[in-house]
Amino acid sequence: MVARLRRILRSDFYNRPTLTVAKALLGKFLVRKIGHKKIEGMITEVEAYVGPNDRASHASRGRTPRAEIMFGPAGHWYVYLVYGMHYCLNIVTERKGYPAAVLIRAVAADGVIGPGKVCRYFKIDRQLNQKPATWASGLWIEDRGIKINPGGVVRGRRVGVDYAGKWRDKKWRFSIAA
DNA sequence: AGATTGATCCAT
DNA sequence: TGGATCAATCTG
C-alpha cells in the first residue's frame, strides 16, 4: 500500500512563471474546508493570465481596486463576479508587483464542471477573495502525487477573450486529455 | 440564440 | 452618472 501523499502547495509553488504553474496545477486537488466538512476535486483545466500587457487579463487596465490582488504576492485567491451571477476562482502567481494568475476552469468532482459551477460546488464567493491558499483560509490546493505527463495535456486558446487583440490567440489554456 | 445579472471601468 | 462590457450558465 502506497502512503497517501497530501502536501499543501505553498507560496513558492505559485511564485514561478505562470505558464509553469498553470501546467503544474493539472492533477492537483482543490480542497475546501467548511467546519468539519471537506469538498474536494482534481483540477482538470486552467487558464493563465500573464502580466500587465495581457489584454485578456483584468490587470491590463492597471492597478484597479478589483485587479489589485493580481499585483500582490503569489499564493492568494482572486475571486470575482462575472456576468452578474457567477464567481470565478483564480490563484495569484509570480512575484509581488507582477500581475498574473491562473484561472481554475474545471475540476473533476461529480463530473467535470465549468468555472462558474466550480465556485458553486465549492461554495466559493468574495469572502475568499485575497485570502491565502492555506488550511487556515479554508481553501487550498494539495499535491496527492498524481503526475500528468506532458503528452496528456491539451493546449488551447483561452475562452471568451475575443476582444483581447493579439493576446486572443495565446494558447494559455491547459486541460487534461479525456 | 437569448435572457439573465450586477460589479466594474471608462467616457461624458 | 450612465452605459458598455464581461474569463458563464441555463432554457427553449
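So that the names make sense, note that chain A is the first sequence line, chain B the second, and so on, each numbered from 1.
Put simply, A/Arg105 has a side-chain N or O that comes within less than 4.0 Å of OP1 or OP2 on C/dA8. Residue A/Thr64 has a polar side-chain atom (N or O) positioned under 4.0 Å from OP1 or OP2 of B/dC9.
Within 4.0 Å (heavy atoms only), A/Arg55 reaches no atom of the nucleic acid at all. Nucleic acid contact for A/Arg158: none, since no nucleic acid atom lies under 4.0 Å from a heavy atom of the residue. Counting any heavy atom pair closer than 4.0 Å across all strands shown, A/Gly84 reaches a base atom. A/Arg126 comes within 4.0 angstrom of the backbone, heavy atoms only, and of no base.
Residues A/Val21 and A/Val107 fall within the same hydrophobic cluster, defined by Ile, Leu, Val, Met, Phe, Trp and Tyr side chains chained together at heavy-atom separations under 4.5 Å.
A salt bridge links A/Arg144 and A/Glu40; the closest N-O separation between the charged side-chain nitrogens and carboxylate oxygens is under 4.0 Å. Ion pairing between A/Arg173 and A/Glu45 holds under the 4.0 Å rule for side-chain N and carboxylate O. A salt bridge between A/Arg158 and A/Asp54 is present, with a side-chain N of the basic residue lying under 4.0 Å from a carboxylate O of the acidic one.
Rounded to whole Å, the distance from CD1 on A/Ile113 to P on C/dC10 is 10 Å. We find that OH of A/Tyr87 is positioned 17 Å from P of C/dA7, with the value rounded to whole Å. Whole-Å rounding puts the A/Asn90 CG to C/dA8 P distance at 11 Å. In this structure, CG of A/Leu81 is placed 12 Å from C1' of C/dA7, rounded to the nearest angstrom. In this structure, A/Arg61 places its CZ atom 16 Å from P of B/dA7, rounding to the nearest Å. We find that OH of A/Tyr83 is positioned 14 Å from C1' of B/dA3, with the value rounded to whole Å. When the P atom of B/dA7 is taken as reference, atom CG of A/Asn129 falls 14 Å away, rounded to whole Å. In this structure, A/Leu89 places its CG atom 13 Å from P of C/dT9, rounding to the nearest Å.
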* Structure fact -> Pairs under 3.5 Å (Watson-Crick or G-U), crossing ones as [ ], inter-strand ones as |: DNA chain B comes out as ||||.||||||.
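For A/Met70, taking side-chain heavy atoms from C-beta onward, the closest of the listed nucleotides B/dA7, C/dA7, B/dC10 is C/dA7. Considering only the side chain of A/Met85, B/dT4 comes nearest among C/dA7, B/dT4, B/dT8. With C/dC10, B/dC9, C/dA7 as the choices, the nucleotide that has an atom nearest any side-chain atom of A/Arg66 turns out to be B/dC9. Taking every side-chain heavy atom of A/His86 into account, C/dA8 is the closest of C/dA8, C/dA7, B/dC9. Listed nucleotides: C/dA7, B/dA7, C/dC10. Nearest to the side chain of A/Lys117: C/dC10.
Heavy-atom contacts from other residues, nucleotides or ligands closer than 6.0 Å to CZ of A/Arg63 number more than 12.
Using modelled atom types, one finds a donor on one side chain and an acceptor on the other under 3.5 Å when comparing A/His58 with A/Tyr78. Looking only at atom types and distance, the side chain of A/Thr18 has a donor-acceptor partner in the side chain of A/Thr93 under 3.5 Å away.
Remark: the A/Tyr80 side chain and the C/dA7 base include a donor-acceptor N/O pair separated by less than 3.5 Å.
A/Tyr163 approaches A/Ala56 most closely through the heavy-atom pair OH-O, 3.5 Å.
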